[in-house]
Protein chains: 2
Amino acid sequence: MATVTRTLGFAVLGLLAKQPRTGYEISRAMQRPVGYFWSAGHSQIYPELAALEADRLVRSTIISGPGPRDTKRYAITARGSSSLTTWLKSPVPPETYKDELMLRVWSLWLLSPDDARELVREVRAEHLAALDAYAFEDQEFTHGRERITDPAAPAFGEYATLRYGMLRRRASVEWCDWLLTQLSEHGNETT
Amino acid sequence: MATVTRTLGFAVLGLLAKQPRTGYEISRAMQRPVGYFWSAGHSQIYPELAALEADRLVRSTIISGPGPRDTKRYAITARGSSSLTTWLKSPVPPETYKDELMLRVWSLWLLSPDDARELVREVRAEHLAALDAYAFEDQEFTHGRERITDPAAPAFGEYATLRYGMLRRRASVEWCDWLLTQLSEHGNETT
DNA sequence: GAATACATGTAATCCGTTACATGATTCT
DNA sequence: AGAATCATGTAACGGATTACATGTATTC
């Protein structure tokens, strides 16, 4: 029973497993991607919280606050925790990854070498910028007091996803460099 | 003014830029991800082709075939080609990447070290399997007769996206190995 | 004769984004 | 006084997946 299938629900439960929060705090947290790989707008969060509460996976208490409506603080329930860990242990679905950038690269042969290089340089710059931001957050982690090597501490999962983001971006930059070399070396061979 | 905003439209145009195809052939091609990073079902393709034809970005000729309806072969028009290259040269949108696997890892601290390792091993196996498939296709490219180093040949873009897939999967496997080390080294310290 | 591949569409549903809507508190 | 932030919701729209629907040609 207690069937949350929506992935968003598990993202919210994952946040609430660390500490109770208001809907606003959750939507704040999910504007920048949670775990660097999941984001959602506030218009998704509030209905999702209502659905989770209807399933008794979270519980809310009304606290006073500004605005035309009551401010509610949400906390995960025992049911919610077990639903979350059950999901974690369920088989991982095959990855379906859509990347508009790669779709563009796939048709790159239609562009002139100059235009192609321009596109790849733009992509490279974006990956580098992201890498910088990640490196900064990495320093905050390693110089901070959070126990990032303890697999039972909340910061562990967060740090692991950050590591992945850094690796992925670094690989992307290397690939851009390889592609730029290809475009320069063979760019003026044919007509 | 010939306005395709749908990314799917450009995926279809990208396929038709290489050669004319029927709707069925396009949907076949897009079941396995095009350029390794974009896929679509047939129920998306047929309405999209109709929309592209209404915008005169593709043109169809009826050919006889099986089934209750006419079989149509689609070809890209000059308008379609210029629409596609305009899109290629337009600014790349910031990457929004959703990864359910990473969302799970983010909550990994809730699992026992054993269960956590199990999850990571599963993820690792999937990346390795994909890497094997990519390596096979890589051999077909490099041992084949297609001119993959000529930036003006259709195979160039395809090969570039394959390279990216390989790099990304390899980075993912390395990250899984790092995570498994972390889980083993620090897995039994606390509690 | 049955199963699979060929071939093309529509409908229902779900998920996510953007826009609409309201109003208090805090900071400059 | 005005802007930004806090705070919570609904509505409209668009893209994607799943299910519904139909029927031929080929292969086992």
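Protein chains get the first letters and strands the later ones, always in sequence-line order, with residue 1 at the start of each.
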- Mind checking what makes side-chain contact (heavy atoms from CB on, under 4.5 Å) contact with A:T181, not counting sequence neighbours? A:E185
- Taken to the nearest whole Å, CD/B:E100 to C1'/D:dA16 is 16 Å
- Item | Rounded distance (Å) that lies between atom C1' of D:dT8 and atom CZ of A:R73 | 15 Å
- Query: To which residues is A:Y24 joined in a hydrophobic cluster, defined by side-chain heavy-atom contacts under 4.5 Å among Ile, Leu, Val, Met, Phe, Trp and Tyr, whether direct or through other members?
  - Reply: A:Y46
- Query: Charged N to carboxylate O below 4.0 Å: is that the case for A:R163 and B:E174?
  - Reply: no
- Which residues pass the side chain to side chain donor-acceptor pair (under 3.5 Å) test with B:E53, sequence neighbours left out? B:S60
- Axis-to-axis angle across the helix from C:dG1-D:dC28 to C:dT28-D:dA1, five pairs each end, nearest 10 degrees, ~ 30°
- Task: With the side chain of A:S43 defined as its heavy atoms from C-beta on, choose the nearest nucleotide among C:dT10, D:dT10, D:dG9.
- Result: D:dT10
- Indicate yes or no for a side-chain donor-acceptor contact from B:R117 to the backbone of B:L183 under 3.5 Å, with no hydrogens or angles considered. yes
- Message: Nearest whole Å is fine: how far is C:dG9 C1' from B:H42 NE2?
- Response: 7 Å
Which pairs, protein N/O on one side and nucleotides 13-16 of chain C N/O on the other, fall under 3.5 Å?
unit_1	atom_1	unit_2	atom_2	d
C:dG16	OP2	A:Q44	NE2	2.6
C:dG16	O5'	A:Q44	NE2	3.3

- Message: Rounded to whole Å, how long is the line connecting atom CG of A:L49 with atom P of D:dT8?
- Response: 9 Å
- Residues in contact with DNA chain D, drawn from residues 14-29 of chain B - heavy-atom cutoff 4.0 Å: none
- Query: Once you round it to whole Å, what is the distance between P of D:dA16 and CZ of B:F37?
  - Reply: 17 Å
- Nearest-Å distance for atom pair CE/P, residues B:M30 and C:dA7: 19 Å
- Query: Between B:I45 (CD1) and D:dA16 (P), how many Å, whole number?
  - Reply: 10 Å
- Message: Can you pull out every side chain to side chain donor-acceptor pair (under 3.5 Å) where at least one residue sits in residues 118-134 of chain A? Sequence neighbours excluded, please.
- Response: A:R124-A:D177, A:H127-A:R169
Which pairs of donor and acceptor atoms, one on a side chain in residues 30-38 of chain A, lie under 3.5 Å apart (sequence neighbours left out)?
unit_1	atom_1	unit_2	atom_2	d
A:Q31	OE1	A:R28	NH2	3.2
A:Y36	OH	A:E137	OE1	2.8

- Message: List the residues meeting side-chain contact (heavy atoms from CB on, under 4.5 Å) with A:A17, not counting sequence neighbours, and say none if there are none.
- Response: A:I76, A:L84, B:W109, B:L110
- Partners meeting side-chain contact (heavy atoms from CB on, under 4.5 Å) with A:S112 (sequence neighbours left out): A:D114, A:D115
- Look at A:K72 and D:dA7 and indicate whether a side-chain polar atom (N or O) is within less than 4.0 Å of OP1 or OP2. no
- Out of C:dG9, D:dT8, D:dA11, which nucleotide sits closest to the side chain of B:Y74? C:dG9
- Sorted by chain and number, sequence neighbours left out, side-chain contact (heavy atoms from CB on, under 4.5 Å) with B:R59 holds for B:T77
- Query: Over how many whole Å does the gap from B:Y46 atom OH to C:dC6 atom P extend?
  - Reply: 11 Å
- Could you pull out all residues at least two apart from B:D99 that satisfy salt bridge (charged side-chain N to carboxylate O under 4.0 Å, His left out)? none
